[in-house]
Structures are given as C-alpha cells and as structure tokens.
Amino acid sequence: MSTAALALARAFLFVPADRPERHVRALATGAGAVIVDLEDAVAPERKAAAREGLAASFAALPAAGRQRLLVRINAAGTPWHEDDCVAVAGLVLQGLIAGVVLPKAERGGDLRRLAEAIGPRGVIVPLVESAAGLAAIDELAAAPQVLRLAFGNLDFQADVGLACDADEAELVPVRLALLLASRRAGLPAPIDGVTADWRDAQRLAADTARARRGGFGAKLCIHPDQVAPVQAALGPSDGELAWARRVIEAVRSAGGGVVSLDGRMVDAPVVRLAERLVALAAEQDRHPTTKETSK
C-alpha cells in the first residue's frame, strides 16, 4: 500500500497502543488505515511501556499491513511528546508504520519539527481539535508531509464550549473550513470525526452521509463494527461505478479530449471524478472488510 492508497482510505480505525493483540485484528477489519493510539486510549502511567512495545508488536505483523499503520502520538507540549517523536521516527525508518497522527495540531512549526524527526518516508495527519487549530488551518494543511487533515469533532466542541445536538449542525462551518483548506493545499478530501456511540447504526449512517455530502472522503472509527458501514457509505455505489467506467471507456474510445455521453459533455473535471471513483473501488478490492474484529 502506498501513500496514494492512504490518500484514498475511507475508514481510519483507532486501536489502543497498549493492546498489541488487537493490532492484527484491527488490520483484518479491512480498514484503509489503522491508528494505533498512544494518546487518549492509554493511561499516563502506561504510556512509556506502550510506546516501548510498539516495535515488537508491529514487527510481528504482515509487511503489507504495516503500510496501513499510523501512530497517534501525544500532543506537543505534553510530557510524552518528545519521546513519542523519537519512537515513531524509528518506526518509520524501519518501515514498521506509514506515519503519524498529531492530535491538537495548532502550529505549523510543530508539524515541521515532526516531519524532520520522522524523515521524508513518513506522512502526517494533523487532527484539528481546537479554535487555535482552526485559526491555523491553512498553515497546517501546507506543512510538509501532511497526508490529509482530520477533524476531532468532540474535542473541538469541548474546546470552544459548544453543546451540539447529534446532527452537529453548529460544526458545519468548521467542516467546510477543513474542506476548503484541503482544497487550497492540494490535499485529498479530509477525514471526518468520530461517531461516539458505536452501537448506534442509524447515527453512524447519518454521520457518514453528512460527511460525504460535505466533501469528506474518510471517517475516524472507534470500533471495528463501524468500518464496513463507513467503507460502503463513502465508496462509490454500483450505479456511480458503472457511470465512471462508461466515462473512462468513452474518453478512451475517442482518443481523449471532450466527448459526449448520454447527451452530456464529458470534460476533464468529469473524467477526474470518474477516475477517482474507479480508484476508490479498486482500493476497497485490495482491502476487503472481513467479519473479524478486535473486540
């Protein structure tokens, strides 16, 4: 799996760093990316041991699976951040992970230092979780080695004092800001936040549909049971895929340029959309969701 494949990933599944037995099962869910969490999922007294155990846990995983691994480190300014940066730099260098998720991203300088630490092979996903992060959104998006922006919807509400209903209508402007910053920086579609109640399938479906309508290309998942619905909802439907293949075939048959399909003009933007839909379907075929979970 390449960086390009991570750019198309739809489900980013969190798994605790101090539960190595769950790492392989998380990969088996078919999630496009697995985020091994050193931050919220690990108690302060267990963080050092969890960090030290990552290399052995990841070395035991299939090589292809490691290319889907990201590690969420602790935020800049916390007592664990510097040691986390050293550890993930070593993991990237050994080819054991693809990159790093930085929570509470608020300064481009923090991302630049992280990029220097992990080297050019590693990618970075900044989590926008605060008013300060939102204010610096373009700086974060333009920082080196940033793969995609991600939205920490629950932490953002806590930071600014919002009390959102389930539909999170109050966060529409924030989500739009992430989408526009991603577009300005030439990044893939951003990653939406979590649905906190993993048992509420109806809420997950509504949240994922909102994410797709709002231009988001992926969603953070907190439980394996969320992976399959998110993958399906954010991927192309059978009808969309059939249309995309017809577009590509029509352009190929015409030798390129502008063509007409079903009485409508097919120009370069339409072709790019069709190619993206086909690429999304191909990525899902490479990592099908299984029924195995990390419960």
Side-chain angles (χ1 to χ4, degrees), residues 1-13 27-34 62-70 98-99 120-121 123 125 141-142 144-150 175-176 178-192 205 208-219 221 227-290:
M1 187 176 187
S2 64
T3 299
L6 281 174
L8 293 172
R10 286 172 258 165
F12 285 67
L13 175 63
L27 288 171
T29 64
V34 170
R66 297 176 206 148
Q67 297 172 33
R68 288 187 281 147
L69 289 178
L70 301 168
R121 293 176 59 184
V123 298
V125 176
Q145 295 166 228
V146 168
L147 175 74
R148 301 167 81 167
L149 297 177
R175 288 187 161 96
L176 180 59
L178 265 77
L179 177 67
L180 296 179
S182 297
R183 183 69 184 94
R184 287 190 292 266
L187 298 178
I191 306 162
D192 204 0
T208 310
R210 179 191 60 211
R212 184 169 188 182
R213 291 194 308 272
F216 281 70
K219 182 171 171 58
C221 300
V227 170
V230 166
Q231 299 269 45
L234 291 177
S237 67
D238 291 343
E240 288 172 322
L241 188 56
W243 168 85
R245 287 171 173 157
R246 289 179 64 222
V247 167
I248 293 171
E249 180 57 32
V251 172
R252 182 184 297 116
S253 298
V258 177
V259 300
S260 177
L261 182 67
D262 299 334
R264 296 185 178 184
M265 183 181 70
V266 175
D267 56 6
V270 175
V271 175
R272 286 197 296 270
L273 173 59
E275 290 173 341
R276 183 176 185 275
L277 292 173
V278 171
L280 282 169
E283 179 55 29
Q284 179 60 22
D285 289 342
R286 282 193 289 270
H287 299 287
T289 304
T290 73

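Not measured: the values here are computed from a predicted model.
A distance-only check finds a donor-acceptor pair linking the side chain of Arg148 to the backbone of Ala7 [under 3.5 Å]. Not one N or O on the side chain of Arg68 forms a donor-acceptor pair closer than 3.5 Å with the backbone of Ala9. Side chain of Gln231 to main chain of Gly30: a donor-acceptor pair is present (N/O by atom type, distance under 3.5 Å, no hydrogens or angles). Checking side-chain atoms of Arg212 against main-chain N and O of Gly235 turns up a donor-acceptor pair under 3.5 Å.
Atom CG of Asp238 sits about 15.0 Å away from atom CH2 of Trp243, to the nearest 0.5 Å. In this structure, Leu69 CG and Leu27 CG are separated by 5.0 Å, a value rounded to the nearest 0.5 Å.
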Donor-acceptor pairs under 3.5 Å, side chain of residues 178-187 to any protein atom, not counting sequence neighbours: which ones?
from, atom 1, to, atom 2, distance (Å)
Ser182, OG, Leu178, O, 2.8
Arg184, NE, Asp138, OD1, 2.9
Arg184, NH2, Asp138, OD1, 3.1
Arg184, NH2, Asp138, OD2, 3.2

Which atom pairs, one a donor and one an acceptor, fall under 3.5 Å between side chains of residues 270-280 and the rest of the protein, sequence neighbours left out?
none

Would you be so kind as to tabulate the donor-acceptor pairs closer than 3.5 Å made by side chains of residues 247-269, with sequence neighbours excluded?
from, atom 1, to, atom 2, distance (Å)
Glu249, OE1, Arg252, NH1, 2.7
Glu249, OE2, Ser253, OG, 3.0
Ser253, OG, Glu249, O, 2.9
Asp262, OD1, Arg246, NH2, 2.9
Asp262, OD2, Arg246, NH1, 3.0
Asp262, OD2, Arg246, NH2, 3.3

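Closest of all the heavy-atom pairs between Ala218 and Leu234 is CA-CD1, 3.5 Å. Residues Arg210 and Asp192 come closest through the heavy atom pair NH2-OD2, 4.2 Å. Considering all non-hydrogen atoms of both residues, Ala150 and Val125 come closest at CB-CG1, 3.8 Å. For Leu6 against Phe12, the heavy-atom pair with the smallest separation is O-CZ, 4.0 Å. A pairwise comparison of heavy atoms in Cys221 and Ala11 identifies SG-CB, 4.1 Å as the closest pair.
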